[in-house]
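Remarks on the structure that follows.
Naming convention: chains lettered A, B, ... in sequence-line order (proteins, then strands); numbering from 1 in each chain. Just so it is clear, the model here is predicted, and its values are computed rather than measured.
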Amino acid sequence: MVDGFALFTDRSVVAMRVNGELKDLAATVTPTDDAQPVTISSPDGLNILRHSAAHVLAQAVQTVNPAARLGIGPPVTDGFYYDFDVAEPFTPEDIKTLEKAMDRIIRQGQRFVRRVVTADEARAELAAEPYKLELIGLKGASTDAGAELGADNESVEVGGTELTIYDNIDPKTGETMWKDLCRGPHLPNTRMIGNGYSLTRLAAAYWRGSEKNPQLQRIYGTAWPTKDELRAYQARQEEAAKRDHRKLGAELDLFSFPEEIGSGLPVFHPKGGIIRQEMENYSRKRHAEAGYDFVYTPHITKSNLFETSGHLDWYSDGMFPPMKLDAEYDADGHMTRQGVDYYLKPMNCPFHNLIFRSSGRSYRDLPMRLFEFGSVYRYEKSGVVHGLTRVRGMTQDDAHIYTTKEGMKEELTSTLNFVLKLLADYGLEDYYLELSTKDPKKFVGSDEAWDEATQTLAEVAEASGLELVSDPGGAAFYGPKISVQARDAIGRTWQMSTIQLDFNLPERFDLEYTAPDGSRQRPVMIHRALFGSIERFFAVLTEHYAGAFPVWLSPVQVVGIPVSEQYGPYLDEIIGRLKTAGVRAQVDHSDDRMQKKIRNHTKAKVPFQLIVGEEDQANGAVSFRFRDGSQDNGVPIDEAIARIVAAIETRAQVTGQGQS
RNA sequence: GCCGCCUUAGCUCAGUCGGUAGAGCGUCUCACUCGUAAUGAGAAGGUCAUCAGUUCGAUUCUGAUAGGCGGCUCCA
């Protein structure tokens with residue numbers, strides 16, 4: 001019997017995995033046990049580091065404010081948080097105070113010591129912590145600790161097989177400085193947190209994640225094995241901030257949100273309009289090739305359409321309130337006109353269903369693929385509106401495919417392939433799939449239909465060979481879905497396309513087709529959107545490319561810069577030829593000096609700058625300057641034009657001389 | 001919707017301990033015509049988000065509303 005300290009002398013080992021279970025280094029190991037080291041830089045090690053940092057934060061908070069009551073404090077991606085019930089919310093100044101208090105605790109090198117307790121002992125020790133008592137109660141109420149404690153975050157506290165408390169012990173005096181209900185494991189001591197941590201932001205969060213519960217004050221932090229890694233993390237955050245589509249949208253003059261119009265209602269400026277139009281045009285072309293029919297439907301409808309579809313039952317909160325056309329009465333009090341409610345549409349599917357139903361359909365007509373850039377309006381709650389990614393008015397690249405039950409698997413497969421190919425054409429080539437299944441509290445239709453639909457989607461997803469993760473309960477009320485999660489240039493994932501299988505709306509709308517044997521059959525419906533919404537996809541592409549769009553999407557593709565005025569006419573001729581070839585090109589004839597023009601157009605992220613001076617003109621050439629500052633001088637005019645046209649046609653990204 | 005913070009020129013931001021405001025960039029005008037990321041000079045531009053309240057006086061203090069930011073919850 002030895003402990004982990006004896007087993008693993010390397011100081012980067014912070015815990016161990018014994019027979020598959022994470023344990024403190026202080027735990028004892030028998031010779032028959034399989035004990036593996038957990039280093040601080042491993043995923044498990046980072047979680048332990050961050051969880052320990054959360055404990056130190058909590059101790060710091062209770063040192064500064066003994067009245068603060070503890071919520072939970074788990075590790076999260078890149079960091080940790082801890083929730084507190086305090087009379088007054090924290091302020092930014094508190095952060096500095098708390099970091100100083102944390103530094104003191106870290107420098108003390110307090111030991112984390114695990115202690116098994118009974119539920120009664122835990123209650124006695126934590127009598128002053130009502131939230132901890134609640135967690136102890138939840139664990140006691142169920143033999144299966146995981147059942148009530150659905151969230152991983154809560155199981156960090158009491159998720160183990162036994163209740164444990166971690167004491168923070170001053171190594172010099174042996175005094176217990178602080179303690180917390182916790183599953184562990186933890187670092188051997190606080191000193192290992194070092195100076196690679198930082199408190200990052202303050203927020204409020206509902207206790208146990210339910211808006212029915214009181215709000216606690218949450219403090220977020222980040223923690224890394226070294227200061228250098230912390231700095232690298234902060235640099236990544238800054239890089240992400242530079243790519244923020246809201247910032248780039250203003251800087252590059254792409255779109256804005258005029259306050260006069262209302263929250264979440266964007267307007268696209270001319271340059272943003274070009275990008276959007278190119279996005280749409282290419283999508284249209286590909287949809288036409290893939291056998292979609294284009295339809296158009298109105299933005300408003302009488303309420304009965306959404307009663308039929310069920311949207312009013314499930315989502316009326318998310319819809320703009322109705323326009324009420326009031327009933328009218330004559331002098332005798334008789335109704336001369338019945339009142340009607342009109343709604344702005346939050347979805348396109350009911351409209352497409354009506355198009356399907358507008359005439360008798362044969363199995364020969366299937367699959368019928370109806371596509372629309374459909375503008376929809378959703379009354380998103382005020383706190384969730386965010387740039388172009390969460391808006392109240394948006395345009396979906398929405399299609400509904402009606403097919404036979406026999407044909408649905410093939411159609412789903414080809415739809416998924418179509419989606420992935422098209423995303424790749426826009427430059428998003430790294431993705432995985434997510435399968436969202438029935439929410440037991442929010443669904444319509446029979447279990448059999450759901451099972452069959454879910455099974456079919458799962459098979460199609462698996463056949464794609466892509467990584468597949470499950471999202472239990474994440475489906476819409478009418479059917480399960482596959483969503484494509486794309487990773488962008490800096491590794492963030494975005495939910496992009498969705499493909500939903502629906503047996504229910506065809507039922508509700510009584511959709512039918514005539515089968516080969518003359519019988520009437522119910523078609524299956526597939527809902528799918530590639531961009532999700534054009535606005536959101538626009539935001540994702542902006543951040544993915546950091547505003548430096550591939551040439552085909554760039555609002556201005558080529559700018560001609562004369563070294564001095566006298567080379568203007570020569571450049572005009574070249575730019576004129578580019579324009580004739582359909583290139584968005586212009587000459588900068590302004591009074592600015594050449595250096596200033598280069599600076600302006602580089603900042604505007606124009607992919608090709610063509611610079612011309614005496615030397616170029618004499619040789620019938622131009623000089624390329626790219627967005628990264630690299631150059632290619634003295635390129636003959638014909639070759640230059642051919643290169644630019646080719647870059648557009650191949651949808652190439654051009655950031656430097658080496659086109660990527 | 002909830003918690004906290006924010007809103008001053010087109011943009012980024014100073015500032016006024018309550019006496020109606022300033023810079024840089026941008027815009028306009030003039031001069032300069034220049035070989036790889038900011039030429040110089042001058043001018044215009046603000047109901048200090050909106051509406052109330054307190055005050056002799058409010059951009060400044062209070063409240064409400066709108067919009068935004070960071071989270072939470074939500075996202076058909």
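For a distance-only test at 3.5 Å, the side chain of Gln215(A) qualifies as a donor-acceptor partner of the base of rC2(B).
For the C1' atom pair drawn from rA9(B) and rG22(B), the interatomic distance equals 10 Å after rounding to whole Å. For rA43(B) and rU12(B), the P atoms lie 26 Å apart once the distance is rounded to whole Å. A distance of about 8 Å separates the C1' atoms of rU16(B) and rA21(B), rounded to the whole Å. Using P as the reference atom, rU29(B) and rU62(B) are 45 Å apart when rounded to the nearest Å. The separation of rU7(B) from rU50(B), taken at their P atoms, amounts to 13 Å, rounded to a whole angstrom. Spacing between rA41(B) and rU59(B) at atom P, rounded to whole Å, works out to 35 Å.
Taking 4.0 angstrom as the limit, Arg218(A) places none of its side-chain polar atoms (N or O) nearer than this to OP1 or OP2 of rG4(B). The phosphate of rA76(B) (OP1 or OP2) has no side-chain N or O of Tyr379(A) nearer than 4.0 angstrom.
With rG4(B), rC34(B), rG35(B) as the candidates, the nucleotide lying closest to the side chain of Pro89(A) is rG4(B). In the set rC75(B), rU39(B), rA37(B), rA37(B) carries the atom at the smallest distance from any side-chain atom of Ile598(A). In the set rG70(B), rG1(B), rA38(B), the nucleotide with an atom closest to the side chain of Arg246(A) is rG70(B). Residue Arg625(A) has its side chain nearest to rU36(B) when only rU73(B), rU36(B), rA66(B) are considered. Of the candidate nucleotides rA76(B), rC72(B), rU33(B), rC72(B) has the atom nearest to the side chain of Val384(A).
Judged by Watson-Crick or G-U wobble contacts below 3.5 Å, the nucleotide rC30(B) has rG40(B) as its partner.
Screening Gln237(A), Arg243(A), Arg236(A) for a side-chain hydrogen bond (donor to acceptor under 3.5 Å, both in side chains) with Glu239(A), the sole residue that qualifies is Arg243(A).
With Tyr81(A) as the aromatic partner, Arg218(A) meets the cation-pi criteria of under 6.0 angstrom to the ring centre and within 45 degrees of the ring axis.
In summary, the side chains of Gln217(A) and Asp83(A) do not present any donor paired with an acceptor at a separation below 3.5 Å, with no hydrogens or angles considered.
Using cut-offs of 30° and 60° on the angle between ring planes, the pair Phe608(A) and Phe626(A) is perpendicular.
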